[in-house]
Amino acid sequence: MGNNKLKQLSITLKLITLKKIIILILAIYISTLLHAQQQLTKDQQEVNQTVINFFEAISNRNSADLKDNCTVDILLFENGSIWNADTLILKAITLNTATDFKRINTFDFINTTVAVNTAWVTYNLHSEITRNGKQSTVQWMETVIVIKEKQKWKIRVLHSTLIRRT
């Protein structure tokens, strides 16, 4: 009987040791993955920030800031429609008169590529919107083309695909 308890204790200790080894291997693997993620360049960070600023201007209903983050000839491809800056300002800012309007944007940047003075960015955008006492959630996958004008990145083209609206 004592011999069985000794065997069980030995098996238990081996299992505990095996679990510790597995945890250590997983920790090293995850750590390696985290370090392997590429750091964004200064230009990539600036391009991503331009996208964030553009949508922040929409959230703040600020047409001056919106125009500051896009080219004068911006094209937006939104749900099968083609918009320019005036259309966007009309639909997102001028006609948006709800006193309780609030929009919170969350970005998941998938890819940001910069080639000299042109960049393209793909991201998922998740927006929580409150308007006229109603809350909605909208998710898009979007790609933008951004160009550098006078040392400032500006959105030239935005293509938006609606993923979900609730």
Side-chain angles (χ1 to χ4, degrees), residues 26-132 134-166:
L26 284 173
I28 290 170
Y29 178 72
I30 291 170
S31 174
T32 303
L33 285 179
L34 292 175
H35 288 293
Q37 288 181 349
Q38 190 176 25
Q39 294 295 318
L40 295 178
T41 67
K42 180 179 181 256
D43 278 337
Q44 288 173 314
Q45 291 173 16
E46 289 175 359
V47 166
N48 288 356
Q49 190 60 51
T50 299
V51 172
I52 293 167
N53 293 345
F54 178 83
F55 284 97
E56 191 66 23
I58 293 172
S59 295
N60 294 332
R61 296 188 281 195
N62 185 326
S63 59
D65 283 352
L66 183 95
K67 287 181 178 181
D68 189 48
N69 286 286
C70 65
T71 63
V72 294
D73 58 347
I74 185 174
L75 288 174
L76 300 107
F77 300 93
E78 181 80 27
N79 294 329
S81 299
I82 301 172
W83 298 0
N84 60 21
D86 292 337
T87 307
L88 178 62
I89 290 168
L90 177 67
K91 291 181 180 267
I93 296 173
T94 307
L95 296 177
N96 184 5
T97 59
T99 56
D100 65 342
F101 177 76
K102 185 177 180 180
R103 176 177 170 157
I104 300 170
N105 303 305
T106 306
F107 296 87
D108 174 21
F109 287 96
I110 298 167
N111 183 55
T112 303
T113 302
V114 177
V116 190
N117 290 326
T118 304
W120 51 99
V121 185
T122 303
Y123 54 90
N124 289 309
L125 170 58
H126 175 94
S127 298
E128 298 287 333
I129 301 169
T130 302
R131 182 183 303 136
N132 297 322
K134 296 180 181 176
Q135 291 184 326
S136 63
T137 301
V138 188
Q139 293 175 297
W140 297 270
M141 176 179 270
E142 300 183 330
T143 299
V144 297
I145 299 171
V146 185
I147 62 169
K148 201 170 217 180
E149 286 185 347
K150 299 178 184 174
Q151 304 304 310
K152 180 170 174 37
W153 290 104
K154 295 188 174 212
I155 296 173
R156 169 67 178 91
V157 175
L158 186 153
H159 183 269
S160 180
T161 301
L162 179 65
I163 304 297
R164 183 179 311 140
R165 181 185 306 263
T166 60

Please report the shortest heavy-atom distance between [X] and [Y], naming the atom on each side.
X: V47; Y: A119; value: CG2-CB, 3.7 Å
X: T130; Y: Q135; value: OG1-CG, 3.5 Å
X: M141; Y: I110; value: CE-CD1, 3.8 Å
X: N69; Y: T50; value: O-CG2, 3.8 Å
X: S127; Y: N105; value: OG-OD1, 2.7 Å
X: E142; Y: S160; value: OE2-OG, 2.8 Å

Measuring from [X]:[atom1] to [Y]:[atom2], what's the distance to the nearest 0.5 Å?
X: I93; Y: N60; atom1: CD1; atom2: CG; value: 9.0 Å
X: I147; Y: K154; atom1: CD1; atom2: NZ; value: 9.0 Å
X: R164; Y: S136; atom1: CZ; atom2: OG; value: 13.5 Å
X: I145; Y: R156; atom1: CD1; atom2: CZ; value: 8.0 Å
X: L76; Y: L88; atom1: CG; atom2: CG; value: 5.5 Å
X: I155; Y: T71; atom1: CD1; atom2: OG1; value: 9.0 Å

Residue from K42, Q49, Q44 passing side chain to side chain contact (heavy atoms under 4.5 Å, CB included) with E46: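 Of the listed residues K42, Q49, Q44, the side chain to side chain contact (heavy atoms under 4.5 Å, CB included) partner of E46 is K42.
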So do [Y] and [X] actually touch side chain to side chain, heavy atoms under 4.5 Å?
X: F54; Y: L158; value: yes
X: D65; Y: E56; value: no
X: T87; Y: E78; value: no
X: I89; Y: K67; value: yes
X: T137; Y: H126; value: yes
X: I129; Y: F101; value: yes
X: V144; Y: V51; value: yes
X: L90; Y: L95; value: yes

Exam field: side chain [X] to backbone [Y], donor-acceptor pair closer than 3.5 Å:
X: D100; Y: N132; answer: yes
X: N62; Y: A64; answer: yes
X: S59; Y: R103; answer: yes
X: Q45; Y: L40; answer: yes

Is the count of non-hydrogen atoms from other residues, nucleotides or ligands lying under 6.0 Å from K152 atom NZ greater than 12?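 More than 12 within 6.0 Å, yes.
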Whether over 12 other heavy atoms sit under 6.0 Å from K148 NZ: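 More than 12 heavy atoms, drawn from other residues, nucleotides or ligands, come within 6.0 Å of this atom.
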Step by step, work out the side chain to side chain contact (heavy atoms under 4.5 Å, CB included) result for W153 and V114. CA-CA 11 Å; W153 290 104; V114 177; 3.9 Å; yes
Any donor-acceptor pair under 3.5 Å linking the side-chain atoms of D43 with those of T41?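 Per modelled atom types, T41 and D43 side chains form no pair under 3.5 Å.
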Whether F109 and Y123 hold their rings parallel, tilted or perpendicular, with breakpoints at 30° and 60°: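 Tilted.
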